[in-house]
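Notes follow the structure.
As the structure lists them, so they are numbered: ligands from 1, and atoms in each ligand from 1.
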Amino acid sequence: MGDVLIIKTKDELDLSILEKGEVHRCHIHIADNSLGVPWRIPAIVIKGVSDGPVFGVTAAVHGDELNGISTIFKLIDEIDPKKLKGTLVLIPISNVPGYLRNQRYFSDNVDLNRIMPGKESGTSSQIYAYNFLHKIVKKFNYLLDLHTASHGRVNSLYIRADLENEETRTLAYLQNPQIIVQKYDTDGTLRAWANENGIPTITVEIGNPNAFQHQLIDETLEGILNTLRHYEMIEGEVKDMITDGVVCDHSYWIYSKKGGIVDVLPKLADKVKKGQVIAYVYDVFGQVKEEIVADRAGVVIGKNVRPNCEAGTRILHLGVSIIEPETEDIPGHEDYSE
Ligand SMILES: [Zn+2]
């Protein structure tokens with residue numbers, strides 16, 4: 001058990017004052033809560049012995065998306081600060097109020113990953129977002145932002161990244177995930193703000209909310225270590241950046257048209273054919289009301305697992321390759337799951 005460094009509300013995380021070759025544990029005061037005391041974001045800073053990049057890993061920007069916390073804890077055990085080049089800044093719980101409530105949103109029920117960069121003077125979530133970026137995230141040279149599916153849904157291990165940008169494409173391929181999806185930066189997300197501010201960033205979606213899934217956590221950890229080897233922060237051979245997974249040009253959600261009880265058939269990462277039945281919606285007497293089919297061939301990135309379904313429920317997140325992006329309409333319903 002080491003000491004915990006307290007970084008006061010007015011201060012930023014100052015990496016230059018931290019001793020080299022050590023692991024530092026910090027509480028960073030972000031903004032005052034209703035007790036008049038600060039929300040404290042925990043940060044683990046592993047400062048190497050020689051100069052190199054500042055590599056950030058953030059988890060639980062959505063407070064119920066927890067696989068990233070275990071990933072970070074395992075990563076700490078893998079790193080010898082006496083052999084590290086550069087600095088690792090690991091934020092296991094980014095959205096502290098959401099984590100305390102076991103919910104996706106901030107304490108004012110706003111999604112932090114829709115309001116970046118926040119505001120210096122604004123609502124409580126805007127102030128928190130602003131200070132999170134300016135006290136912590138702007139120190140990074142690279143960032144992996146770790147998420148999971150949201151409540152009622154499950155995900156594969158997949159990456160959302162702008163693959164047209166060389167640096168973020170490299171970050172994506174280094175992870176060797178099950179699936180990679182082209183996603184342009186969406187305004188308001190941490191990924192978009194960081195990329196706009198010269199910090200190459202991708203989003204890593206690790207399975208399901210409210211759980212530790214150790215197989216996916218270990219695969220994510222291996223991807224992070226591979227990335228650190230690529231940037232020569234740790235020693236070791238970089239695995240080929242040829243993913244075993246599937247690279248998709250686009251993804252979208254297929255919705256139910258009817259309400260009732262839904263059973264979604266394919267497993268995560270399954271490939272489905274055009275016209276294949278992917279879900280049945282039953283009425284309350286057990287009779288099929290709707291057969292939902294895949295409107296094109298693709299791979300199952302995520303899916304609904306909550307059987308009670310209103311009309312217009314998100315059923316299945318399909319990753320696809322678009323053959324003629326200029327002439328073809330974007331199919332399905334837009335994916336806002338980041
Ligand atoms: Zn999330």
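Annotation for P42 and V96: closest pair CD-CG2, 4.3 Å, computed over non-hydrogen atoms.
In this structure the side chain of L75 reaches within 4.5 angstrom of the side chain of L228, judged on heavy atoms.
Between F212 and H214, the ring planes lie perpendicular to each other; the angle is over 60°, past the 30° to 60° tilted range. Relative orientation of the H317 and Y158 rings is perpendicular, given thresholds of 30° and 60° on the angle between their planes.
With ring centers used as reference points, F55 lies 6.0 Å or more from F140.
Taking distances strictly below 2.8 Å, the protein N/O/S atoms close to the Zn ion (ligand 1) are H62 ND1, E65 OE1, E65 OE2, H147 ND1.
Residues forming a salt bridge (charged side-chain N to carboxylate O under 4.0 Å, His left out) with E338 (at least two apart in sequence, or on another chain): R160, R191.
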